[in-house]
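Down below is the structure, laid out as structure tokens.
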Amino acid sequence: MDLKKIAEILECDFSGENFEVTKMNTLKDATKSELSFVANSKYIKDIQNSNAGAIIVDGHTKDFVPKGCAALVVEHPYWEMARISKYFAPPVEDATLPEPKIGKGTVISPKAEIANGAVIGENCTIMAHVYIGANTVIGDNTIIYPGVVIYRDCIVGSECIIHANSTIGSDGFGFATNKMGEHKKIYQNGNAVIEDDVEIGSSTTIDRAVFGTTLIKRGVRIDNLVQIGHNCVIGEYSVIVAQSGIAGSTTLGRNVVLGGQSATAGHLSIAPFTTMAARSGVTKSIEKSGLTFAGFPLMEHRVWLKLQGKIARLIK
Amino acid sequence: MDLKKIAEILECDFSGENFEVTKMNTLKDATKSELSFVANSKYIKDIQNSNAGAIIVDGHTKDFVPKGCAALVVEHPYWEMARISKYFAPPVEDATLPEPKIGKGTVISPKAEIANGAVIGENCTIMAHVYIGANTVIGDNTIIYPGVVIYRDCIVGSECIIHANSTIGSDGFGFATNKMGEHKKIYQNGNAVIEDDVEIGSSTTIDRAVFGTTLIKRGVRIDNLVQIGHNCVIGEYSVIVAQSGIAGSTTLGRNVVLGGQSATAGHLSIAPFTTMAARSGVTKSIEKSGLTFAGFPLMEHRVWLKLQGKIARLIK
Amino acid sequence: MDLKKIAEILECDFSGENFEVTKMNTLKDATKSELSFVANSKYIKDIQNSNAGAIIVDGHTKDFVPKGCAALVVEHPYWEMARISKYFAPPVEDATLPEPKIGKGTVISPKAEIANGAVIGENCTIMAHVYIGANTVIGDNTIIYPGVVIYRDCIVGSECIIHANSTIGSDGFGFATNKMGEHKKIYQNGNAVIEDDVEIGSSTTIDRAVFGTTLIKRGVRIDNLVQIGHNCVIGEYSVIVAQSGIAGSTTLGRNVVLGGQSATAGHLSIAPFTTMAARSGVTKSIEKSGLTFAGFPLMEHRVWLKLQGKIARLIK
């Protein structure tokens, strides 16, 4: 869609020349052919440094748009971004894509559904009632158990095992809200990538990114009923125990362990080799590697043990 | 089933004339042709005000049954109600119902299963391995991702998106327990209704009502792995973040926000525009609108912050 | 596979005569034809009392292997056990097994998948997109709702109800980790057994045992989105409310109640008729029957109420 058309939908003018907008992206990651937005004046630095071809702004932020970048001035940039995101969403399936490619030695149940555009490697086992979406790519020697759903445009590596009824690449939880309290969906046009040698339990959900990629790195072990939000990055060999939840845009270093029913807030960074006891609630980034934490609010595990002692005395 | 037959199953007499009992219902909602029950003498007022055609009671409550209403006197009304509920359960599928009706422009995967009696609107997308039960009605422009299961007799509105592997209208968690500790299923003969413009995440479960309806109102946003119990009402534009659980018969006003891994007890009422921080545990109704809460036990968020400060000092 | 072959894979010698190893098992449960392992010198007593035909040991534990039992001496027994476990894993499906046997009166959706070797009793309802694995046995009068996945070699009793999108017998969360932080899957070659009259909610996950059986006893009621780890035993008529998680190898006595979002650590034993309030976090075994607990760390419910009172005063 070209910039002129976008401006028409937004009912606003735009500075500079018209061009074909290839996709939407963050201020930080957007390139010349991409559209970004700024919803909050605390991101003014990011506007100034952005390489975006066009940015949706409001009256307060428009003056910070760098030269050569088109400003689309609206009253509510976040809401308008949500509104425009729909136009960049591909169809859920696309019959014009080529028939799926299936590697040698791969066994696919006749009751599985492989969408056009999908590419599956060699010696995989794709069981009954599995769904693999358009353009999704699966490596070699991967086993996908019944009922697994992988949305379009995702990547799953080699030597992976995905257990029954898990979902990969479903939409992240994103929407704008207006003053009336109504919500507008932000289409999640990124994807999810699972690297090699990853095992994922049953009924686990890994959301696709709003822009870019939700990334599960090599060797990760994820248990059952785990939630991984959009744009998370899970470091190599990390271990996430059952019923834990990782909110959007949080990054775990390698070999992080999250005990059962743990959770992290969004937009955090957890240092490598951090261990969280069961039920930990992480609300701040962890910078130092190799420590063990517990509790909610989170504290070092040895402090938590001390606190439990104090509470025990308080009861008496 | 007529009252005479029910009395035979319960091995009890009944007062008044025989009539065709159309369904079971609560004391409050039951009408002339319906059967109710009272399991606890604290509901005596409800007996007296009930419009039920017949009520299952015990020796302590039988004298409060209003005139014109038949009393079925048994030793354990709750257990007997459970036992009778089975007779009012429709079959899971019914081949005698008419073929499903599919609206113009709707695309249904040949690997989806649409039960007889279902009615699907226009321009919907029903993907592979979706199950839509008997008599269930879907509006227009709704997308249902692979692996979603919607039980019989439910309603899903227009402009809805239901993500992969979610379940709508499965049985609520209901049973009677006898003195031996054995359980008897209470058949969940109500339904679940999802209004227009609702988005539901992956592997979320929304139970059908035991009687009446579990109701998700217009514009609600529900994330992944959320549990909504039977007979809940979720107000317009409410937002329920991942892994939260709402116990049976709780009502949320409009624009309530539940942070991730929150929970509410059952039979509560939460005022509109209430915000719960992540991990909140709600055990009492909230009457005043617009406040923010946190913690378990729940407290106002500003009090919770203060408490964390005190606990931090306690550790030192 | 014979012992000689196993020693070759492990690149070690073995004492005693070669024999056909039928499976892997714990020190305690292994019989003459079975292979066990010891990963920790605190299990020396178990080595001495083991009836295993062969044990994978290291330099510290090898001298405790009883006479007549072969010692396979390696540097990292737990890692090597994981490596060997793969060779004992049956294929996910096996076309050489006999066609499934289906009992009289059972209705199976043409969109369900029943693997070879499965045996289904009489008057069952197996709905669309259900998967029943190789050699799995289902009793009579059981209803399995759409999207349920039951892995191979499991048993489900009679009069059971399993709601949509639940998974039974998926792999437990087991792996060995080396000094580099890399993981090696421990194949879960046990199974899961659900006795008669059990109801299981939607999107619940019950893992198969690593060795032996994960056991859900008669009359149990499990709600939605519950996680049951490998090798758990859930006692008769126990009630597990939504979003609870039971970690591996924990045993619940009969009529234990776990409130919503509760959790237990692994390897615990909970006395019969114990009640846990919602959100309980159980980290120690409970020996005395009939008590009610709450909180995390867990305490008796009456103590927990007292503590909340103290905390309330602390805030003021």
Side-chain angles (χ1 to χ4, degrees), chain A residues 107 109-112 125 127-130 143 145-148 159 161 163-166 197-199 201-205 218-226 235-244 254-255 257 259-261 272-273 277-279 295-296 304-305 307-308 311-312 314-316, chain C residues 91-93 111-113 115 128-131 133 146-151 165-175 177 180-183 185 202-207 225-229 243-247 261-266 279 281 283 296-297 299 303-304 306-307 310-311 314:
Chain A
V107 177
S109 164
K111 284 174 178 149
T125 302
M127 295 180 75
H129 320 130
V130 166
I143 301 176
Y145 279 92
V148 168
E159 318 288 342
I161 301 174
H163 287 285
N165 287 323
S166 279
D197 181 29
V198 170
E199 183 162 359
S202 299
S203 286
T204 275
T205 61
R218 162 184 278 276
V220 166
R221 296 293 182 266
I222 300 176
D223 203 349
N224 301 340
L225 294 165
V226 167
E236 292 88 348
Y237 302 104
S238 285
V239 171
I240 304 181
V241 181
Q243 297 179 319
S244 289
R254 66 166 290 175
N255 282 93
V257 177
Q261 296 190 345
F273 297 97
R279 289 266 179 95
F296 175 60
W304 185 83
L305 289 172
L307 174 63
Q308 302 318 318
I311 287 174
L314 190 67
I315 297 169
K316 281 167 196 166
Chain C
V92 292
E93 291 188 333
K111 283 174 179 149
E113 173 81 2
H129 320 129
V130 167
Y131 176 83
V148 169
V149 177
I150 307 178
Y151 281 48
N165 287 323
S166 279
T167 301
I168 292 169
S170 50
D171 286 0
F173 199 52
F175 47 84
T177 303
M180 306 294 292
E182 297 160 345
H183 309 302
K185 178 177 177 70
S202 299
S203 286
T204 276
T205 61
I206 299 175
D207 282 347
L225 294 165
V226 168
Q227 152 71 359
I228 312 267
Q243 296 179 319
S244 289
I246 303 182
Q261 296 190 345
S262 287
T264 76
R279 288 264 179 97
T283 55
F296 176 58
M299 55 195 87
V303 176
W304 185 84
K306 208 168 128 191
L307 174 63
K310 297 238 177 182
I311 288 175
L314 190 68

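The chains referred to below are lettered A, B, ... by the order of the sequence lines, with proteins before strands, and numbering in each begins at 1. Just so it is clear, the model here is predicted, and its values are computed rather than measured.
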Quick one: sort the C/F296 and A/W304 rings into parallel, tilted or perpendicular, breaks at 30° and 60°. tilted
For the pair A/K111 (side chain) and C/A112 (backbone), establish whether a donor and an acceptor sit closer than 3.5 Å, ignoring hydrogens and angles. yes
Heavy-atom distances under 4.5 Å only: say whether A/A164 touches chain C with side chain, backbone, both or neither. both
Taking C/M299, C/K306, C/Q261 one by one, which has the highest count of heavy-atom pairs under 4.5 Å against chain A? C/Q261
Could you tell me if A/R221 sits above the aromatic ring of A/Y237, with its cationic atom closer than 6.0 Å to the ring centre and no more than 45 degrees from the axis? no
Among C/A247, C/G245, C/S166, the residue with the most heavy-atom pairs under 4.5 Å to chain A is C/G245
Considering all heavy atoms, the nearest A/V130-A/Y145 contact: CG2-O, 3.1 Å
Among A/V239, A/I161, A/V241, the residue with the most heavy-atom pairs under 4.5 Å to chain C is A/V239
How long is the straight-line distance from CD1 of C/I246 back to CD1 of C/I206, given to the nearest 0.5 Å? 9.5 Å
Shorter than 4.5 Å, heavy atoms on both sides: which option in C/A128, C/G229, C/S203, C/A265 has the most such pairs with chain A? C/S203
Heavy-atom distance under 4.5 Å to chain C: side chain of A/V107, backbone, both or neither? neither
Against chain C, label A/D223 side chain, backbone, both or neither, depending on which of its atoms sit under 4.5 Å from a heavy atom there. both
Do A/S202 and C/S170 get their side chains close enough for a donor-acceptor pair, meaning under 3.5 Å? yes
Please determine, among A/G219, A/P146, A/A278, A/G259, the option with the most heavy-atom pairs under 4.5 Å with chain C. A/P146
Please name the residue in the list A/V220, A/L225, A/N224 that meets the side-chain contact (heavy atoms from CB on, under 4.5 Å) test with A/I222. A/V220
Side chains of A/H163 and A/E199: any donor to acceptor distance under 3.5 Å? yes
Would the distance check show the side chain of A/T204 and the main-chain N or O of A/V226 forming a donor-acceptor pair, the cut-off being under 3.5 Å? yes
Interface moiety of A/L307 toward chain C, non-hydrogen atoms closer than 4.5 Å: neither
From the list C/V92, C/V148, C/I311, the residue making the most non-hydrogen contacts under 4.5 Å with chain A is C/V92
Considering only heavy atoms and a distance below 4.5 Å, find which of C/S244, C/A115, C/G172, C/G147 pairs most often with chain A. C/S244
Chain C contact via A/R254 - which portion, at a heavy-atom distance below 4.5 Å: side chain
Interface residue of largest heavy-atom contact number with chain A, from C/Q243, C/H183, C/K185, under 4.5 Å: C/H183
